[in-house]
Amino acid sequence: MALDNCIQLSTAATMCAAASIPKSHYFSSTANFPQKLSFSTLSLQRLNKFPTPTFRKPFSVTCQARGAVDDVKEVTESSWNNLVVENQKAVLVEFWAPWCGPCKIIEPVIKELAAEYAGKIECLKLNTDVSPNVASKYGIRSIPTVLFFKNGEKRESVIGAVPKSTLAASIDKYIEV
């Protein structure tokens with residue numbers, strides 16, 4: 001859904017860029033265009049067929065929707081019930097701390113998994129220094145620990161900085177196909 005908006009935005013930007021080119025040059029048989037036409041400032045100046053654009057810096061449209069969909073959210077004691085226990089989807093929760101070296105190693109792996117399984121599983125992280133009660137409730141004795149929840153119940157735990165394939169195999173058990 002968010003990515004559809006991205007496609008609409010990039011299409012609109014492309015149409016705006018194309019609208020700045022005179023229509024007489026679209027299919028002109030006398031125009032001597034290179035094989036691949038680029039709409040950058042430099043190529044427009046080289047062609048010398050079009051007026052120099054009024055903007056000085058090249059612009060680009062960047063999709064930020066993907067980051068909104070696949071971001072790993074922070075969960076705390078106050079948001080635990082809403083985000084984990086009452087969640088109908090499968091939930092992956094990484095228990096971590098800012099001083100933990102292996103936690104820093106597994107962090108990009110969790111982000112990649114959140115991107116790959118966006119919409120299928122909720123990926124969250126809980127700082128054990130900020131929310132120690134939740135960590136002790138689930139028996140977290142070492143970090144990083146990844147817990148998998150389904151319908152609010154703890155189903156599986158993975159301890160340590162494990163390979164992405166190990167976590168992906170666990171996720172595949174709990175997502176609905």
Is there side-chain contact between Y117 and I175, with heavy atoms separated by less than 4.5 Å?
yes
Which pair of non-hydrogen atoms, one from A114 and one from V72, has the smallest distance, and what is that distance?
CB-CG2, 3.9 Å
Can you confirm whether D129 sits close enough to W99 that some side-chain heavy atom of one is under 4.5 Å from a side-chain heavy atom of the other?
yes
Rounded to the nearest 0.5 Å, how far does CZ of F149 lie from CZ of R155?
11.0 Å
Aromatic rings W80 and F95: how do their planes relate, parallel, tilted or perpendicular, breaks at 30° and 60°?
tilted
Could you go through the side-chain hydrogen bond (donor to acceptor under 3.5 Å, both in side chains) check for N151 and Y174 one step at a time?
CA-CA 10 Å; N151 297 324; Y174 301 109; over 6 Å; no
Measure the CG-CD1 distance between L167 and I121 for me, rounded to the nearest 0.5 Å.
9.5 Å
Hey, could you give me the CD1/CG distance between I110 and L124, rounded to the nearest 0.5 Å?
10.5 Å
Nearest-0.5 Å distance, CD1 of residue I171 to NZ of residue K173
11.0 Å
Grab the two heavy atoms, one from S170 and one from E156, that are nearest each other, plus how far apart they are.
OG-OE2, 3.0 Å
Atom pair CD (E94) and CG (L147), whose distance is rounded to the nearest 0.5 Å:
10.5 Å
For a quick test of reading the model, state the closest non-hydrogen atom pair linking A135 to T128 and the distance between them.
CB-CG2, 3.9 Å
Closest heavy-atom contact between V75 and S79?
CG2-OG, 3.5 Å
Heavy-atom check, side chain of P132 versus side chain of E77, under 4.5 Å
yes
Do V109 and W96 sit in one hydrophobic cluster, given that two such residues count as connected whenever their side-chain heavy atoms are within less than 4.5 Å of each other, even indirectly?
no
Once you round to the nearest 0.5 Å, how far does NZ of K111 lie from NZ of K125?
6.0 Å
Could you walk me through whether V91 and V93 pass the side-chain contact (heavy atoms from CB on, under 4.5 Å) test, one step at a time?
CA-CA 6 Å; V91 180; V93 182; 3.7 Å; yes
Which heavy atom of I106 sits nearest to which heavy atom of G160, and what is that distance?
CD1-O, 3.8 Å
Can you name the nearest heavy-atom pair linking V162 to I159, along with the distance?
CG1-O, 3.9 Å
